[in-house]
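Each chain gets a letter, A, B and so on, in the order its sequence line appears, and its residues count up from 1. Values below: every heavy atom of this structure, side chains too, minus hydrogens, waters and symmetry copies.
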Protein chains: 2
Amino acid sequence: MLGLLSFGEELSGYDLKKWANWSLRFFYWAPSYSQIYGELRKLEDLGFAVSRVVNKDDIRGKRLYRITPAGEEAVARWAAEAPVEPAVLKHGVMLRMWLGHASDPAMLRSMLEQHRDESEKMRVRAAADVEGSEHEPGWAFPTMVLRWSERYYADERDRAETMLAELDDAVRKQRRARRRGGAKRSSEELRQRRA
Amino acid sequence: MLGLLSFGEELSGYDLKKWANWSLRFFYWAPSYSQIYGELRKLEDLGFAVSRVVNKDDIRGKRLYRITPAGEEAVARWAAEAPVEPAVLKHGVMLRMWLGHASDPAMLRSMLEQHRDESEKMRVRAAADVEGSEHEPGWAFPTMVLRWSERYYADERDRAETMLAELDDAVRKQRRARRRGGAKRSSEELRQRRA
DNA sequence: CCGCGACTATTTCGTTTAGAAATAGTCCAG
DNA sequence: CTGGACTATTTCTAAACGAAATAGTCGCGG
């Protein structure tokens with residue numbers, strides 16, 4: 001949240017949600033409203049942001065948040081000090097491929113094709129975003145990350161393509177193994193090796 | 001959980017945790033104990049798995065779970081029917097690059113180098129796992145996914161390398177923009193475009 | 001043979017995050 | 001002047017995380 005606010009704009013929780021959805025979608029999460037509004041309250045308590053009620057005598061006035069100097073300091077500190085954990089990838093398609101023995105091969109194929117096509121669509125979207133931000137002053141870093149995202153999806157598409165080419169072979173191998181009743185034995189073996 | 005059990009072994013919650021950590025680490029999550037043990041209880045309630053207490057008069061006996069025919073059916077149903085959501089990538093390094101304006105360029109550089117090196121390490125680990133499972137009968141699908149993972153980390157390494165080459169340029173651009181006080185104005189503009 | 005460290009195994013608990021829906025005001029087109 | 005789309009915030013439940021507590025087992029070195 002502070003990172004988003006560190007661009008200097010005054011934003012509402014709703015703005016933050018929209019902006020996060022749009023700009024972080026390629027490499028980060030889309031925080032829920034409950035999280036955003038909760039965090040904003042904390043930030044204000046900590047003095048890292050200040051809010052300004054825009055309209056309403058009402059209980060639910062629109063509330064714009066602005067980062068404070070203390071908040072900017074906190075972002076800088078975070079950037080310098082917070083440990084970078086390894087990236088987390090939750091890849092449902094690969095999970096299903098991993099459990100391919102439980103699926104119909106035709107289904108696996110069409111799922112992979114769909115994934116390849118989706119990846120290509122994402123690549124195109126990222127490319128369009130690069131176009132749109134490339135010559136914006138002050139957007140050098142976001143643009144660089146967008147370029148990274150475009151390539152990420154191009155790579156993802158290519159990996160799906162490669163796996164598509166390997167699929168028949170894997171299905172054949174799996175069938176052969178099952179005919180020999182090897183599934184249980186071999187997982188036992190692998191367990192040994194892991195230990 | 002059912003997917004892991006669908007390989008036919010009798011496993012404890014602890015086994016499941018270990019196995020998931022080991023085998024799904026490249027493309028999926030490492031579920032917590034609390035989640036695993038909770039799910040196992042649910043699976044048993046639903047009749048998708050049965051448990052067998054191995055040792056103990058005690059309250060905490062070791063408990064081995066085995067998938068039932070109903071469970072196998074459920075896995076097959078899941079594989080065929082559950083919608084595949086887009087993969088989620090939570091990439092702390094890219095988040096920091098995106099917020100590069102808030103960091104020291106030297107810090108960004110060393111973070112990227114570290115990420116590149118970590119990716120290469122992961123690639124090597126995945127490659128070793130491919131070696132280990134390649135000729136196992138019944139492991140055709142997991143092996144294929146491991147090959148995918150190896151390439152994933154090779155691609156990740158290469159993208160980090162490319163970004164490293166682009167970094168100086170981005171830093172220069174950002175500095176120029178800041179000198180012209182453009183940061184706030186331009187983000188305003190981009191917001192317009194988004195709308 | 002005993003005690004100590006490493007590993008197996010499960011439970012507990014507090015926090016965080018997700019996800020969806022409820023609530024309600026605004027703004028514009030027809 | 002009204003219905004639909006969008007802005008804006010809150011609320012609630014469920015899921016997931018993460019770390020620690022608890023406790024049995026197993027081997028090995030003194």
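- Remark: P of D:dA15 and CD of B:E39 are 8 Å apart, rounded to the nearest angstrom.
- Between A:Y14 and A:Y33, the ring planes are parallel. Angles under 30° get that label, and only those over 60° would be called perpendicular.
- Atom CG in B:L64 sits roughly 14 Å away from atom P in C:dT8 (whole-Å rounding).
- Atom NZ of B:K17 is separated from atom P of C:dA9 by 15 Å (rounded to the nearest Å).
- Within the structure, a side-chain polar atom (N or O) of B:Q35 is placed less than 4.0 Å from OP1 or OP2 of D:dC17.
- Computed from coordinates, the A:K62 NZ to D:dT10 C1' distance equals 17 Å when rounded to whole Å.
- Each of D:dC17, C:dT10, D:dT9 was ranked by its minimum atom distance to the side chain of A:K90; first place goes to D:dC17.
- Remark: side-chain polar atoms of A:D15 are paired, donor with acceptor, to backbone N or O of A:S12 under 3.5 angstrom.
- Side-chain N/O atoms of A:Y14 include none lying less than 4.0 angstrom from OP1 or OP2 on D:dT9.
- Separating the OH atom of A:Y33 from the P atom of C:dA20 is a distance of 13 Å, rounded to the nearest angstrom.
- As judged by a 4.0 angstrom heavy-atom cut-off over every strand, B:S32 is placed among the base-contacting residues.
- With DNA chain C read from its 5' end, the first of the two nearest nucleotides for B:S34 and A:S34 is the one closest to B:S34.
- Atom CH2 of B:W19 and atom C1' of C:dA9 are 19 Å apart (whole Å).
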Table please: side-chain donor-acceptor pairs of residues 140-149 of chain A below 3.5 Å, with sequence neighbours left out.
residue: A:T143; atom: OG1; partner: A:S133; partner atom: O; Å: 3.2
residue: A:T143; atom: OG1; partner: A:S133; partner atom: OG; Å: 2.9
residue: A:T143; atom: OG1; partner: A:W139; partner atom: O; Å: 2.6
residue: A:R147; atom: NE; partner: B:E166; partner atom: OE2; Å: 3.4
residue: A:R147; atom: NH1; partner: A:E134; partner atom: OE2; Å: 3.4
residue: A:S149; atom: OG; partner: A:V145; partner atom: O; Å: 3.0

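- Distance, A:L11 CG to D:dA8 C1': 13 Å, rounded to whole Å.
- Taking a cutoff of 4.0 Å between a charged side-chain nitrogen and a carboxylate oxygen, A:E44 and A:R41 do not qualify as a salt bridge.
- Within the structure, every side-chain polar atom (N or O) of A:Y37 is placed at least 4.0 Å from both OP1 and OP2 of D:dT10.
- Take the nearest nucleotide of DNA chain C for B:Y65 and for A:W29: the residue whose nucleotide is more 5' is B:Y65.
- In this structure, the CG atom of A:N21 is 16 Å from the P atom of C:dT17, given to the nearest Å.
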Show me the donor-acceptor pairs, under 3.5 Å and distance only, between side chains in residues 70-81 of chain B and residues at least two apart or in other chains.
none

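- Using a 4.0 Å cut-off, no side-chain N or O of A:R41 falls inside it from OP1 or OP2 of D:dT9.
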